[in-house]
Amino acid sequence: MQRLVIEGENKLTGELVCHGAKNAALPLLAGCVLAKGETALHNCPRLSDVFAACRILSCLGCDCKREADSVLVNTDGLLHFDVPDDLMREMRSSIVFLGAILGRLGKCKLSFPGGCELGPRPIDMHISALKKMGVQINEEHGVLDCSVPSGLVGTNITFSFPSVGATENVILAAATAKGTTVIHNAAREPEITDLANFLNCCGARIANAGESTIVIEGVKELHGCEYSVMPDRIVTATYMSAAAITGGELNITKVRTSDIEAVIPVFEQMGCSVYTYNDNVYINARHGLKAVKTIRTMPYPGFPTDAQATTMAALCKANGTSVIVENIFENRYRQVDELVRMGAKIKTEGKVAIIDGVKRLYGANVRATDLRGGASLVILALAAEGKTEISDIHLIDRGYEMIEKSLSSVGAKIKRV
Ligand code: EPZ
């Protein structure tokens with residue numbers, strides 16, 4: 001099994017390029033199923049989750065190949081409607097193929113998705129919304145056998161919680177449904193807007209994405225197009241934590257700064273200087289870190305839950321006590337025990353985590369518990385005395401392109417063994 005080995009206490013300085021967003025690329029790849037002919041997705045990140053989505057497309061009969069930073073998909077050979085169990089287990093977001101396959105083929109068979117264990121990952125909102133659009137779903141032995149004999153029908157959907165995945169599934173199912181679908185209390189994440197922009201580029205008629213009420217007017221069919229995946233706002237926040245904890249200075253390029261408006265103030269409260277200019281964000285943490293009174297994770301445009309673990313890591317070295325409230329997932333503090341092994345002082349009670357900043361952190365042997373938790377271990381190791389070895393790093397590779405290459409290019413002593 002591969003491991004990351006990090007020698008801590010090196011300031012990070014220089015320039016990092018932000019890669020395309022995992023959480024946009026995945027629904028976009030699912031969206032390709034709806035489009036006849038050839039689609040080119042540019043700025044598509046080299047991540048194991050993206051590779052898994054490409055394998056799902058190939059299993060369905062599509063032609064899917066990578067050419068440098070682009071993934072090319074041709075759906076002329078689309079034949080199958082069932083997604084293999086092992087691929088479904090590999091990642092949670094494979095559930096978003098359901099809406100797209102139903103939209104194109106009218107039937108779909110897949111098992112409950114796997115992915116990070118961030119607490120129960122129910123799909124009740126996905127199921128009830130699709131049933132309202134006419135889908136017949138037979139659930140037994142963890143397999144969803146779905147069909148919509150008389151075709152998907154547009155309708156009004158109201159979510160009790162602005163679920164990102166459920167919003168994406170309904171948009172994908174509604175794009176070629178008969179009639180109009182209105183989603184109330186839709187997720188507002190930028191990845192939703194990216195999906196709507198992509199589908200509109202394929203000929204869909206989606207209005208108001210990014211707002212709480214999205215209107216999708218079903219069209220007959222969609223055609224392929226060329227589209228560039230948006231920058232990854234969570235990778236940006238992760239790099240900012242790396243600069244913060246090492247007291248360094250980074251310029252991060254190819255960023256969409258409007259997507260991190262809830263993240264920047266947190267780093268400013270930590271005492272970092274942060275400037276944005278065009279698609280750059282510059283962060284300077286030369287003057288040490290201060291604790292942040294309270295960070296609450298919220299649906300967009302609030303502070304993103306995916307940046308919680310890596311921001312927590314930076315706060316482990318801040319002067320004072322910080323409080324984090326994780327409002328999105330039930331069990332998103334799995335990284336805490338591993339951070340504590342490196343000398344962090346963190347106590348959790350339900351949704352709340354209390355972080356007492358410490359002066360010294362020590363390298364240790366730790367293991368990634370999930371994608372963002374794994375990234376938080378890398379962040380802490382950058383500021384720990386001595387050597388840290390991180391195992392189970394396949395979880396980190398799900399969302400970060402060659403993290404050791406990027407960080408060593410700005411001064412980190414990190415290698416993959
Ligand atoms: C997406 O997951 C992201 N994944 C997650 O990023 C992100 O943390 C999350 O949105 C919130 O922003 C992808 O986009 C691939 P949700 P998703 O549906 O769609 C509950 C990462 O690290 N819920 O908004 O699964 C659910 O249990 C990953 O990149 C239901 O109860 O998130 C959770 O508590 C992790 N029933 C909350 O809603 C449902 O039917 C938010 O889930 C659906 C969700």
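Both counts, for ligands and for their atoms, begin at 1 and track the order of listing. FYI, side chains are in, hydrogens and waters are out, and symmetry mates aren't considered; it's all heavy atoms of this structure.
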Side chain to side chain donor-acceptor pair (under 3.5 Å) pairs touching residues 44-69, sequence neighbours excluded, are R46-D69, D49-R398, R55-E90

In short, side chain to side chain donor-acceptor pair (under 3.5 Å) pairs touching residues 399-417 with sequence neighbours left out are Q2-R416, T238-Y400, Y239-S406, R372-Y400, D397-R416, E404-R416

Return yes or no for this condition: an N or O of [X] is under 3.5 Å from an N or O of ligand 1.
X	answer
E168	no
M125	yes
L371	no
A166	no
E330	no
T305	no

[X] and [Y]: side chain donor to acceptor below 3.5 Å:
X	Y	answer
R104	T75	yes
T369	Q335	no
S228	N43	no

Open item on the list: Please determine whether any non-hydrogen atom of P122 lies less than 4.0 Å from an atom of ligand 1.
Closed with: yes

Ligand 1 contacted by M298 (non-hydrogen, < 4.0 Å)
no

Can you list the ligand 1 atoms lying under 4.0 Å from a non-hydrogen atom of [X]?
X	value
I123	39 (C), 40 (O)
R372	21 (C), 22 (O), 29 (O)
F161	37 (C), 38 (O), 41 (C)
R332	8 (O), 22 (O), 35 (C)
I328	33 (C), 34 (O), 37 (C), 41 (C)
K22	21 (C), 29 (O)

Does [X] reach the main-chain N or O of [Y] with its side chain, forming a donor-acceptor pair under 3.5 Å?
X	Y	answer
T181	A174	no
D194	M230	yes
T167	A187	yes

* Asked: Do the ring planes of Y227 and F198 sit parallel (below 30°), tilted (30 to 60°) or perpendicular (above 60°)?
  -> perpendicular

*Walk me through it: do N251 and E15 pass the test side chain to side chain donor-acceptor pair (under 3.5 Å)?*
CA-CA 5 Å; N251 183 38; E15 183 158 296; 3.1 Å; yes

Closest to atom 19 (O) of ligand 1 by heavy-atom distance, out of A307, A21, G302, G165, is G165

